[in-house]
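First up is the structure itself, then whatever we jot down about it.
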Amino acid sequence: MSSDIGFIGLGVMGQPMALNLARAASARAGTGFVVWNRTAAKCEPLRAAGAAVAASPADVCRRARVVFLMLADGPAIDSVLGRGTPAFAANVAGRVIVHMGTTSPGYSRGLEADVRAAGGRYAEAPVSGSRGPAEAGQLVAMLAGDPAAVAAVRPLLGPMCHESFECGAVPNALLMKLAVNLFLITMVTGLAEAFHFAERHGLDEHRLRDILDAGPMASTVSRAKSHKLVERDFAVQASIANVLDNNRLVAEAARDAGIASPLLDACHALYGETLALGHGGADMAAVVRAIESRTDLERAVTPRRSPPLPPTRGPR
């Protein structure tokens, strides 16, 4: 069977994204959809939704004209495409390879060059949003590549993304994603610190959440993370380990361009400390654990001072 669309990488984000594509393909006569994942069990919900399950990444490439990759990093992408081996050309020639994950801009630029040299086309399509928006088909995509590749990919993003924005040539979509991630990381870290501040002052954290949700700074992200902080529910949407890796990518891109990133650098230290505390698989809101640890350490080293006595009046 020949499929129109392939999808490789069914992780926290990839599986719900692929499910939305599978459902759309099933509803559209004549459109095939084929998937592959290193852990085969993750393919079963896709099979139930009508997708074909390939025997290998090369099998996906043989059966699809557009191949979406939602993979963790460059080595994972190189492995599934056979980059650096004779199989690479056979896997990409005549196909559009779509890189939807987050890697360094330099990596993406090099991959585009190799795909084009092998007779394929290439587009970046990183997305903004976590697992919840992925399940709802409410991600935001950033697209970059030559006009023909972008034109082939953009209509296919609808089941996964409620909006998509063209960003020009590769690697501009990834650079844009890194800018978005810089704001996300610093915002969530600031939110965690605000809840920690309130908790240590004995304030009602539920009331803080309600005030923030009602105010001008509220957003989908702030509401979701505020709930997690109040309930201490750190079930993963975007993990500490993943955010730390994204933080590193943004910092490296900043350094390469000679750009200062003071807030990001502070966040990098905090997410690293959260990982070291054993919370790497928890949601990024668990960065509050590192802030709590710093407070506890500071109090152990420097005991709290008693508040000053009010001034007294001498005899008149």
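Keep in mind that this is a model prediction, so the values were computed, not measured. Values reported hereafter were calculated over all heavy atoms of this structure, with side chains retained and with hydrogens, waters and symmetry mates removed.
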Quiz item: Is the H99 ring parallel, tilted or perpendicular to the Y107 ring (thresholds 30°, 60°)?
Solution: perpendicular

Linking I/L/V/M/F/W/Y whenever their side-chain heavy atoms sit closer than 4.5 Å, directly or via other members, would [X] and [Y] fall into one cluster?
X	Y	result
I291	L244	yes
V288	L275	no
V96	V35	yes
M176	L249	no
V140	F183	no

Rounded to the nearest 0.5 Å, what separation is found between the [atom1] atom of [X] and the [atom2] atom of [Y]?
X	Y	atom1	atom2	answer
R248	H268	CZ	NE2	7.5 Å
T274	E292	OG1	CD	9.5 Å
D59	W36	CG	CH2	11.0 Å
S130	M13	OG	CE	6.5 Å
M160	L139	CE	CG	8.0 Å
T103	D73	OG1	CG	9.0 Å

Are [X] and [Y] within salt-bridge range, i.e. N to O under 4.0 Å?
X	Y	value
E112	R109	no
R255	E252	no
D296	R200	yes
R209	E205	no
E273	R294	yes
D283	R131	no

Quiz item: Do H196 and T295 get their side chains close enough for a donor-acceptor pair, meaning under 3.5 Å?
Solution: yes

Check: [Y] main-chain N/O paired with [X] side-chain donor or acceptor under 3.5 Å:
X	Y	answer
K228	A235	yes
T85	G82	yes
S79	P75	no
K177	V127	yes
N172	C167	yes
R154	S164	yes

Please examine the side chains of [Y] and [X], heavy atoms only from C-beta on, and report whether any two atoms are closer than 4.5 Å.
X	Y	value
L111	R83	yes
Q15	P45	yes
R289	F234	yes
M100	L157	yes
N247	C267	yes
P57	N91	no
R207	I211	yes

Quiz prompt | Test side-chain contact (heavy atoms from CB on, under 4.5 Å) applied to L229 and V188, L208, L191, the passing residue | solution = L191

Exercise. Go through N242 and V12 one step at a time and tell me if the side chain to side chain contact (heavy atoms under 4.5 Å, CB included) criterion holds.
Key: CA-CA 11 Å; N242 179 254; V12 170; over 6 Å; no

Exercise. Start with the C-alpha gap between D78 and F88, add the side-chain angles, then the distance that decides, and say whether side chain to side chain contact (heavy atoms under 4.5 Å, CB included) holds.
Key: CA-CA 9 Å; D78 293 345; F88 179 74; over 6 Å; no

Around atom [atom1] of [X], are there more than 12 heavy atoms from other residues, nucleotides or ligands closer than 6.0 Å?
X	atom1	value
R223	CZ	yes
E44	CD	yes
R116	CZ	no

Tell me the closest heavy-atom pair linking [X] and [Y], and the distance in Å.
X	Y	value
L156	P159	O-CD, 3.4 Å
P171	E124	CA-OE2, 3.1 Å
A173	M142	CB-O, 3.5 Å
R121	V115	O-CG1, 3.5 Å
I240	V287	CD1-N, 3.7 Å
A218	D213	CB-O, 3.4 Å

Practice problem: I would like to know whether L46 and F33 meet side chain to side chain contact (heavy atoms under 4.5 Å, CB included); could you show each step before the answer? | Solution: CA-CA 10 Å; L46 275 298; F33 185 59; 4.1 Å; yes

Practice problem: I would like to know whether Y271 and N246 meet side-chain hydrogen bond (donor to acceptor under 3.5 Å, both in side chains); could you show each step before the answer? | Solution: CA-CA 11 Å; Y271 283 92; N246 276 265; over 6 Å; no

Exercise. Given side chain to side chain contact (heavy atoms under 4.5 Å, CB included), test T102 with L178 step by step and report yes or no.
Key: CA-CA 8 Å; T102 307; L178 296 183; 4.0 Å; yes

